[in-house]
S.K.: 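Shown below is the structure under consideration.
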Amino acid sequence: MKDNANTVVVLDFETTGLSPNYGDRAIEIGAVILENGTIVDRFQKLMNPGRPIDSFIEQYTNITNAMLVDQNSCEEVMTEFSDFMGDYNLIAHNASFDKRFLDAEFRRINKNYPGKFCCSMLVARRVYQNAPNHKLATLMSHANITPTGDFHRALADAEMTALLWAKIIADIKEKYDIMHVPFSSLVKLSKTNKKLVDKYLYSLTEK
DNA sequence: TGCCAGGCCCTCTTTAGGGCCTT
């Protein structure tokens, strides 16, 4: 397992709803491989959740029932995605949400993954404490990053989360004069008391 | 959307409640 932030998989799910424990399923996955701050590979697939999606989800994602009816099953798509993600560490915006769906879909196909998740939202809450809020769209604007596509589609959100992640790391390196920010340090940062963020990041400088 | 989730995080807190985020 690579303990660094140089190569990670950034992923995003569109789903039928908020809770896999209450029967919600994935309908789209988008992911990119981010290597040294550059997107070097992409994965995007719609998938058929086995039942119709409601009008809110159609409106929210612009993914319609007509678009899903002929798609491969979640099981087929997630098997393919398992090969794409390999053993890389994982990033998602509000990762607890995407992790729940990844775990639920992988459980159905008896797959596991060795990578660890880190949440771009939790890190952004600490690094960009003055942002108006910490939604992905707001953070893109706050960090002066040009959106690359439509929000609420999986690949576009994954790409934009990746760009945000790269900017966060670049900003940390510049502000705290750190050459290397290990993935494990970013996980630790995501759990650090917001008032102690400076102290923690300066402690990395001294190493 | 509606009110079906869950983890984080703040505060008028910790024997709790409610907003933020994700779809």
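What you are looking at is a predicted structure, and each value in this text was computed from that prediction instead of being measured. Letters A, B, ... are given to chains in the order of the sequence lines, protein chains preceding strands, and every chain is numbered from 1.
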S.K.: Using the C1' atom as the point on both nucleotides, what is the distance between B/dT13 and B/dG18, in whole Å?
M.R.: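 So the two C1' atoms sit 12 Å from each other.
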S.K.: Classify the nucleic acid contact of A/N193 as base, sugar-phosphate or nothing, counting any heavy atom under 4.0 Å across all strands shown.
M.R.: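 Here A/N193 touches no strand at all.
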S.K.: When the distance from CD of A/Q129 to C1' of B/dC20 is rounded to whole Å, what number comes out?
M.R.: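 Computing the A/Q129:CD to B/dC20:C1' distance gives 15 Å.
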S.K.: Between atom CG in A/D98 and atom P in B/dC21, what is the gap in whole Å?
M.R.: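 Computing the A/D98:CG to B/dC21:P distance gives 16 Å.
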S.K.: Between B/dC3 and B/dC21, how far is it from one P atom to the other, in whole Å?
M.R.: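 Nearest-Å result for B/dC3 against B/dC21 at atom P: 23 Å.
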S.K.: Using 0.5 Å steps for rounding, measure from the CG atom of A/L204 to the OG atom of A/S185.
M.R.: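 Rounded to the nearest 0.5 Å, the CG-OG separation comes out at 4.5 Å.
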S.K.: For atom P, what is the distance between B/dC12 and B/dC8, given to the nearest Å?
M.R.: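 About 22 Å, rounded to a whole number of Å.
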S.K.: How is A/Y22 classified with respect to the nucleic acid when contacts are heavy atoms under 4.0 Å: base, sugar-phosphate, or nothing?
M.R.: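 If one applies the 4.0 Å heavy-atom cut-off, A/Y22 turns out to touch the sugar-phosphate alone, with no base involved.
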S.K.: Just to be sure I understand the geometry, which residues of residues 43-58 of chain A put a non-hydrogen atom under 4.0 Å away from DNA chain B?
M.R.: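 A/F56, A/I57, in order of number.
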S.K.: If I take atom CD in residue A/Q59 and atom C1' in nucleotide B/dT23, what distance separates them, rounded to the nearest angstrom?
M.R.: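 Nearest whole value for this atom pair: 14 Å.
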S.K.: Classify A/K191 by what it touches in the nucleic acid, base, sugar-phosphate, or nothing, heavy-atom distance under 4.0 Å.
M.R.: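 Touches nothing.
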S.K.: Within this structure, what is the CG-NE2 distance for the pair A/L139 and A/H93, rounded to the nearest 0.5 Å?
M.R.: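 Nearest 0.5 Å value for the CG-NE2 distance: 5.0 Å.
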S.K.: If I pick the C1' atom on B/dC10 and the same atom on B/dT14, what distance separates them, to the nearest angstrom?
M.R.: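 It comes out at 13 Å once rounded to the nearest Å.
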S.K.: Identify, with sequence neighbours excluded, every residue that meets ring pair (Phe, Tyr, Trp, His ring centres under 6.0 Å) alongside A/F13.
M.R.: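 With sequence neighbours excluded, A/F13 shows a ring pair (Phe, Tyr, Trp, His ring centres under 6.0 Å) to no residue whatsoever.
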S.K.: Counting only side-chain N and O atoms of A/H134, is one of them less than 4.0 Å from OP1 or OP2 of B/dC20?
M.R.: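 A/H134 to B/dC20 OP1/OP2: no side-chain N or O under 4.0 Å.
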S.K.: Taking CD in A/Q129 as the centre, count heavy atoms belonging to other residues, nucleotides or ligands within less than 6.0 Å. Is the count above 12?
M.R.: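 Yes, because the 6.0 Å sphere around CD of A/Q129 holds more than 12 heavy atoms from other groups.
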S.K.: Would you say that more than 12 heavy atoms from the other residues, nucleotides or ligands in this model lie under 6.0 Å from the CG of A/D150, or not?
M.R.: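 At most 12 heavy atoms, drawn from other residues, nucleotides or ligands, come within 6.0 Å of this atom.
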S.K.: Who are the ring pair (Phe, Tyr, Trp, His ring centres under 6.0 Å) partners of A/Y176, not counting sequence neighbours?
M.R.: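 Ring pair (Phe, Tyr, Trp, His ring centres under 6.0 Å) list for A/Y176, sorted by chain: A/Y202.
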S.K.: Would you say the side chains of A/N133 and A/T138 form a donor-acceptor pair under 3.5 Å?
M.R.: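 Yes - a donor-acceptor pair under 3.5 Å links their side chains.
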S.K.: Between B/dA5 and B/dT23, how many Å separate the two C1' atoms, rounded to a whole number?
M.R.: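 It works out to 11 Å between them.
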S.K.: Nearest whole angstrom, please: distance from the C1' of B/dT22 to the CE of A/M121.
M.R.: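 Roughly 8 Å, once rounded to whole Å.
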S.K.: Nearest whole Å is fine: how far is B/dC9 C1' from A/R125 CZ?
M.R.: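 Nearest whole value for this atom pair: 7 Å.
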S.K.: Considering every strand and a 4.0 Å limit on heavy-atom distances, what is the contact class for A/F101: base, sugar-phosphate, or nothing?
M.R.: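 No contact.
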S.K.: Please pick, from B/dT23, B/dC8, B/dG7, the nucleotide with the shortest atom-to-atom distance to any side-chain atom of A/L122.
M.R.: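 The answer is B/dC8.
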S.K.: Could you check whether A/D12 gets within reach of a base, just the sugar-phosphate, or nothing at all, counting any heavy atom under 4.0 Å?
M.R.: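 Touches sugar-phosphate only.
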S.K.: Measure the distance from CG on A/N94 to C1' on B/dC20 and round it to the nearest whole Å.
M.R.: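 Taking atom C1' of B/dC20 as the reference, CG of A/N94 is at 9 Å.
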S.K.: Starting at atom CZ of A/F13, determine the distance to atom P of B/dT23, rounded to an integer number of angstrom.
M.R.: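 Going from A/F13 (CZ) to B/dT23 (P), I get 12 Å.
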S.K.: Verify the contact: side-chain N or O of A/H152 to OP1 or OP2 of B/dT23, cut-off strictly under 4.0 Å; return yes or no.
M.R.: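 So the side-chain polar atoms of A/H152 do come within 4.0 Å of the phosphate oxygens OP1 or OP2 of B/dT23, strictly under.
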S.K.: Hey, what's the ring geometry for A/Y113 with A/F106, parallel, tilted or perpendicular (30° and 60° as the breaks)?
M.R.: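 Perpendicular.
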S.K.: Say we look at B/dG6 and B/dT1: how far apart would their P atoms be, to the nearest angstrom?
M.R.: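 About 23 Å, rounded to a whole number of Å.
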S.K.: Rounded to the nearest 0.5 Å, what's the gap from CD1 on A/I29 to CG on A/L155? Could you check?
M.R.: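 With rounding to 0.5 Å, CD1 (A/I29) is 10.5 Å from CG (A/L155).
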S.K.: Between B/dG19 and B/dT15, how far apart are the two C1' atoms, rounded to whole Å?
M.R.: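 Straight-line distance between the two C1' atoms is 22 Å.
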S.K.: Judged by each residue's nearest nucleotide on DNA chain B, which is more toward the 5′ side, A/S19 or A/F97?
M.R.: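 Here A/S19 is the residue nearer the 5' end.
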S.K.: Using atom CG of A/D103 as one end and atom P of B/dT22 as the other, report the distance to the nearest whole Å.
M.R.: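 A/D103 atom CG is separated from B/dT22 atom P by 19 Å.
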